[in-house]
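One structure below.
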Amino acid sequence: MSRMVTIISTMETQVSNGPSGTSLPNGPVISTNGATDDSKTNLIVNYLPQNMTQEEFKSLFGSIGEIESCKLVRDKITGIHDASAGQSLGYGFVNYVDPNDADKAINTLNGLKLQTKTIKVSYARPSSASIRDANLYVSGLPKTMTQKDMEQLFSQYGRIITSRILVDQVTAGISRGVGFIRFDKRNEAEEAIKGLNGQKPLGAAEPITVKFANNPSQKTGQALLTQLYQTAARRYTGPLHHQTQRFSLIPPFGKGPDPNNSTKPILDNLLNASYGVKRFSPITIDSMTSLAGVNLTGPTGAGWCIFVYNLSPEADESVLWQLFGPFGAVTNVKVIRDFTTNKCKGFGFVTMTNYDEAAMAIASLNGYRLGDRVLQVSFKTSKQHKA
DNA sequence: TCATATT
């Protein structure tokens, strides 16, 4: 019965690290809200992979700079055993100590491909009731109408935060005639409904329907259970139809969901040489595991540790996220640096949760040409001898 | 008849 499961809105607080250098006796401290002014330290991150955890989220954004607080937003579910582990809503917030790091995070991580998603990193608007429930569902759109056309139609009612037209999965690219428009303010959305619901767009045969979109946090119990089932099932079978997408390296920047969000891909120089080039190493997984240092670091606690060799002195953590993120769940990355120069010593480590994803990343990235360097990628062994 | 953007 769907009424056995009720959803309450989330009012979680953001987990804080506390002031730097201060040790916290009882684990994470609960801060008051993140920045509520339009400070340049607080970011919103959208389109995160469903299975990304708070820890991975923090690890990813912590690689940019010191984090004041961060939070992966989740559903709070009552009526189900163990309500503490709510489903990720696919977005989160990061508040940096230094505004420069927030800027750097946008430039570096916006557009990053993680599994099947392309994440979006942008400044969070000041939290306010007026910006909530400003999302519209539009149906009956002419199949020829583009996202741009739709935005043009709706922009007369206010500032559009994001828009999307759903497309057919199989015939990839053909409009399903339905879409979403998120306005900056709820009252703008209300005006758009009044002005456009039941109206025919210039020259269209049929009128469109404009209404508020379903709120994800008030989904029915049934819908949530099927979603839980589907995400659970996917863990075992793997997202088969996404394989080609997962294992190709394509430019992560420039085609974000929001064209208004400018990206300055500072990693372009690092990744340019490899754009569009699929490089699959001929070395098989089996042959790799039987290579010299047989003592693989097993799935000890965190996951599978991967050794990455021949990184440039300028390499940073975000490069490793760029490279490995598309292959599956990455829990941690680390670039080994010289203590005095702070330059990369030529290698680093990546931890991945699942063996098959780690193996696929290795098979694809070992021998991968990054700029003018050829990477050596393998499972970490207990001893990395020098050749 | 709807993918997941405001703590």
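Lettering follows sequence order; numbering is per chain, from 1.
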Expressed in angstrom and rounded to an integer, what is the separation of [X] atom [atom1] from [N] atom [atom2]?
| X | N | atom1 | atom2 | value |
| --- | --- | --- | --- | --- |
| L89(A) | dT6(B) | CG | C1' | 11 Å |
| I161(A) | dA5(B) | CD1 | P | 12 Å |
| L136(A) | dT4(B) | CG | C1' | 15 Å |
| R176(A) | dA3(B) | CZ | C1' | 9 Å |
| N51(A) | dT4(B) | CG | P | 14 Å |
| Q50(A) | dA3(B) | CD | C1' | 11 Å |
| L141(A) | dA3(B) | CG | C1' | 15 Å |
| Y137(A) | dT4(B) | OH | C1' | 14 Å |

- prompt: Going by an N to O cut-off under 4.0 Å, is there a salt bridge joining D184(A) and R125(A)?
  reply: yes

field: Short N-O contact, E314(A) and K343(A), less than 4.0 angstrom
entry: yes

Sugar-phosphate, base or nothing in reach of R186(A), heavy atoms under 4.0 Å: nothing

When you measure from the side chain of [X], which nucleotide among [options] comes out closest?
| X | options | result |
| --- | --- | --- |
| N214(A) | dT6(B), dC2(B), dA5(B) | dC2(B) |
| L166(A) | dT6(B), dT4(B), dA3(B) | dA3(B) |
| A124(A) | dT6(B), dC2(B), dA5(B) | dT6(B) |

- request: Could you tell me how the ring of F349(A) sits relative to the ring of F347(A): parallel (under 30°), tilted (30 to 60°) or perpendicular (over 60°)?
  value: perpendicular

task: Validate the cation-pi geometry between R186(A) and F212(A): distance from NZ or CZ to the six-membered ring centre under 6.0 Å, angle to the ring axis within 45°.
output: yes

Do any side-chain nitrogens or oxygens of [X] fall under 4.0 Å of OP1 or OP2 in [N]?
| X | N | answer |
| --- | --- | --- |
| R164(A) | dT4(B) | yes |
| Y47(A) | dA3(B) | no |
| K117(A) | dT4(B) | yes |
| R182(A) | dA3(B) | no |
| N46(A) | dA5(B) | yes |

query: Checking only heavy atoms, does the side chain of R132(A) share a donor-acceptor pair with the base of dT6(B) at less than 3.5 Å?
result: no

task: For E206(A), look at atom CD and say whether over 12 heavy atoms of other residues, nucleotides or ligands are found less than 6.0 Å away.
output: no

